[in-house]
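Only heavy atoms go into these numbers, but all of them, side chains included; no hydrogens, no water, no symmetry mates.
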Amino acid sequence: MEVIGDLPRELFLEILLRLPAESLMRCKYVCKYWHSLITNPKFIQLHLNYNYNNNVCVLLKRCLVTCLGQKENLLSLVCGNGFSFENLDVDLSLYRKEPCLQLLGHCDGIICLSNYRDYILLCNPATRESMVLPESCLPCYPWIRNLISQTTGLGFGYDAKSHCFKVVRIVSYWEELRGSNLPHFSRAEVYSMGTDSWKEINVTVPAHVRYSPCFETYFNGAFHWYAMDDNGNEVILSFNMGNEEFQVIPMPSFISMHDHSICRSLLVWNDCIALVIYPERGIEKSFEIFVMKEYGVKESWTNVLTIGPLTRVERPLVFRKNDEILMEGSHGQMMSYNLRNKEVKDLPIYGVPKSFSTLVYVNSLVSVKGGNQMLDQRDNTGESDEW
């Protein structure tokens, strides 16, 4: 049995696997052996698997007001049963200067951020590694007069077929004098971490992405947006990262839509997508939860639960556990609601009202400049498990 210092190698590895990525980033400079071990793709995958099984947290992005009256982004982690939280020191110029920076998605410790105009950023908060994506490949159509283009949809996810992280962007084009709420047409492109480039995909975007609070969700290998089809029906638009195709998922037919006083949020709960319906305004709010028990099947929507009425609650954010949901309070405070005992707790986390966005997150060593590709290539070579 190989011994490292006074410890068997297996025990030494078990200890390292329990350390956060921030600590491992320092440990790899202890000696050449530790560096080789911690940067090994097999160890990175084992560390990621351990955290998925034991250390799932909530990543929170919010805005704070500085002493100079300026808004500034802040990333925090909410972990453990006692709601411990820590602020993350992420040194990104875009992150600091863009108060409207959107948190788009998370995969394997990598998050995607964008200002929805000209910057899309991939970042691993634990390793503090980041990368700004190259410029779009979509045409501007300068020969069409009065045509306005706008990024209407962005999503981040993982393609399990090609073992590659991807970003999808939907760009919609309006004719300035047309006077329609719907775009003239839309096009889509996909960024692949494997090639570090964009490519336009030759598919029809079957619905038009619209804003709805806390709706954009990555689930089941696909990214989801709130959207409107050409007939004015409210739908869920999804994009599959594997086959790079769009799908329209119908909303429940037995709830009242086309009501602008009602908000819709999409969350993941018990390994299903869950649609939360609630009033936009009101001293008291009730939150109806509809679960799609069979993914993509309209008839499987089921009204499973109503939360409330609750006071001082603005909107749902994320299911932290199967029996607990984090919510944003009316005055910019995070709250939790326990589904079993119906208890509401105020958490000591504050921010500018309606600036909160959340993701389920795991700490990892995965690189934004290569992802899991080295590991997947290694695993496919048939090499020995000894490393």
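Between the side chain of His331 and the main chain of Gly329, no donor-acceptor pair closer than 3.5 Å is present. Using a distance-only test at 3.5 Å, with no hydrogens or angles considered, no donor-acceptor pair links the side chain of Thr152 to the main chain of Val209. Judged by distance alone, with hydrogens and angles left aside, the side-chain atoms of Thr302 form no donor-acceptor pair with the main-chain N or O of Val304 at under 3.5 Å. Proximity of a side-chain donor or acceptor of Glu328 to a complementary backbone N or O of Lys354 within less than 3.5 Å is detected. Checking side-chain atoms of Asp229 against main-chain N and O of Asn231 turns up a donor-acceptor pair under 3.5 Å. With hydrogens and angles ignored, the 3.5 Å screen pairs no side-chain donor or acceptor of Tyr50 with any backbone N or O of Glu14. Under the 3.5 Å distance criterion, the side-chain polar atoms of Ser114 are matched with a main-chain donor or acceptor of Tyr116.
When hydrophobic clusters are built by joining Ile, Leu, Val, Met, Phe, Trp and Tyr residues whose side-chain heavy atoms come closer than 4.5 Å, directly or via intermediates, Val291 is not grouped with Val297. Under the 4.5 Å side-chain heavy-atom criterion for grouping Ile, Leu, Val, Met, Phe, Trp and Tyr, Leu310 is not connected to Val318 through any hydrophobic cluster. Under the 4.5 Å side-chain heavy-atom criterion for Ile, Leu, Val, Met, Phe, Trp and Tyr, Leu326 and Val276 are members of distinct hydrophobic clusters. Put simply, Leu305 and Ile273 are part of two different groups of oily side chains (I, L, V, M, F, W, Y) that touch within less than 4.5 Å, one to the next. Both Ile236 and Phe290 belong to a single network of hydrophobic side chains, linked directly or stepwise wherever heavy atoms of I, L, V, M, F, W or Y lie under 4.5 Å apart.
Contact of the Asp196 side chain with the Tyr191 side chain is registered, since non-hydrogen atoms from C-beta on lie closer than 4.5 Å. You'll find the side chain of Tyr361 stays beyond 4.5 Å of the side chain of Asn51, heavy atoms only. Side-chain contact check for Glu280 versus Cys263: some heavy-atom pair is nearer than 4.5 Å. Counting heavy atoms from C-beta outward, Glu234 and Tyr226 have side chains that approach closer than 4.5 Å. Within the 4.5 Å cutoff, the side chain of Met292 has heavy atoms near those of the Trp301 side chain. Counting only heavy atoms from C-beta outward, the side chains of His106 and Val360 never approach each other to under 4.5 Å. By the 4.5 Å heavy-atom criterion applied to side chains, Arg18 and Asn55 are not counted as neighbours. Put simply, the side chain of Val235 does not reach to within 4.5 Å of the side chain of Ile249, judged on heavy atoms.
In this structure, CZ in Arg312 is found 8.0 Å from OG in Ser330, a value given to the nearest 0.5 Å. Taking OG of Ser130 as the start and CD1 of Ile110 as the end, the distance is 11.5 Å to the nearest 0.5 Å. Distance CG/Leu365 to CG/Leu46: 11.5 Å, rounded to 0.5 Å. The CZ atom of Arg62 sits 6.0 Å away from the CD1 atom of Ile349 when rounded to the nearest 0.5 Å. Distance check: His47 NE2 to Asn49 CG gives 10.5 Å after rounding to the nearest 0.5 Å. Residue Lys293 holds its NZ atom at 10.0 Å from CG of Asn270, rounded to the nearest 0.5 Å.
The ring pair (Phe, Tyr, Trp, His ring centres under 6.0 Å) with Phe239 is formed by just one residue from the set Phe223, Phe246, Phe219; it is Phe246. Of the options Ile307, Leu266, Leu267, a side-chain contact (heavy atoms from CB on, under 4.5 Å) to Pro316 is made by Leu267 and by none of the others.
If you check the side chains of Glu129 and Ser367, you find a donor sitting under 3.5 Å from an acceptor. A donor and an acceptor atom, one from each side chain of Asn240 and Gln247, are nowhere located under 3.5 Å apart.
By the neighbour-count criterion of 12 heavy atoms within 6.0 Å, atom CD1 of Ile15 is densely surrounded, having more than that number from other residues, nucleotides or ligands. The local environment of CG in Asn202 is sparse, with at most 12 non-hydrogen atoms from other residues, nucleotides or ligands closer than 6.0 Å. Atom CG of Asn341 has more than 12 neighbouring heavy atoms from other residues, nucleotides or ligands inside a 6.0 Å radius.
Using cut-offs of 30° and 60° for the angle between ring planes, the Phe185 and Tyr173 rings count as parallel. Relative ring orientation between Phe156 and Phe165 is described as parallel, the plane-to-plane angle staying below 30° on a 0-90° scale split at 30° and 60°.
For Asp159, the side chain to side chain donor-acceptor pair (under 3.5 Å) partners two or more places apart in sequence, or in a different chain, are Ser162, Lys166.
Here the closest heavy-atom approach between residue Ala188 and residue Val205 is recorded as CB-CG2, 4.2 Å. Closest heavy-atom contact between Phe215 and Met251: CZ-CE, 4.0 Å. The shortest non-hydrogen separation linking Thr151 to Leu154 is CG2-CG, 3.8 Å. Shortest non-hydrogen contact noted between Phe43 and Ile38 is CD2-O, 3.6 Å. When all heavy atoms of Pro125 and Ile111 are compared, the pair lying nearest together is CG-CD1, 3.8 Å. Minimum interatomic distance between Ser286 and Pro279 (heavy atoms only, all atoms of both residues): O-CD, 3.5 Å.
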### Message
Assess the residue pair Cys63 and Asn73 against the criterion (side chain to side chain contact (heavy atoms under 4.5 Å, CB included)); give the C-alpha distance rounded to whole Å, side-chain angles, the decisive distance to 0.1 Å, and a yes or no.
### Response
CA-CA 5 Å; Cys63 284; Asn73 293 294; 3.7 Å; yes
### Query
Would Ile44 and Ser364 count as a side chain to side chain contact (heavy atoms under 4.5 Å, CB included) if you check the C-alpha gap in whole Å, the side-chain angles of each, and the deciding distance to 0.1 Å?
CA-CA 7 Å; Ile44 293 173; Ser364 88; over 6 Å; no
### CA sep, side-chain torsions, deciding dist, call: Tyr218, Leu104, side chain to side chain contact (heavy atoms under 4.5 Å, CB included)
CA-CA 9 Å; Tyr218 178 68; Leu104 296 177; over 6 Å; no
### Query
Stepwise, does the side-chain hydrogen bond (donor to acceptor under 3.5 Å, both in side chains) test hold for Gln102 with Ser357?
CA-CA 8 Å; Gln102 300 296 310; Ser357 57; 6.0 Å; no
### Task
Go through the steps for Ser172 and Gln150 under the test side chain to side chain contact (heavy atoms under 4.5 Å, CB included), then give the verdict.
CA-CA 5 Å; Ser172 298; Gln150 180 182 357; 5.7 Å; no
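In summary, the aromatic rings of Tyr278 and Phe287 are positioned with their centroids under 6.0 Å apart. Aromatic ring centroids of Trp269 and Phe319 lie under 6.0 Å apart.
In this structure, Lys285 pairs ionically with Glu314, as a charged nitrogen and a carboxylate oxygen lie closer than 4.0 Å.
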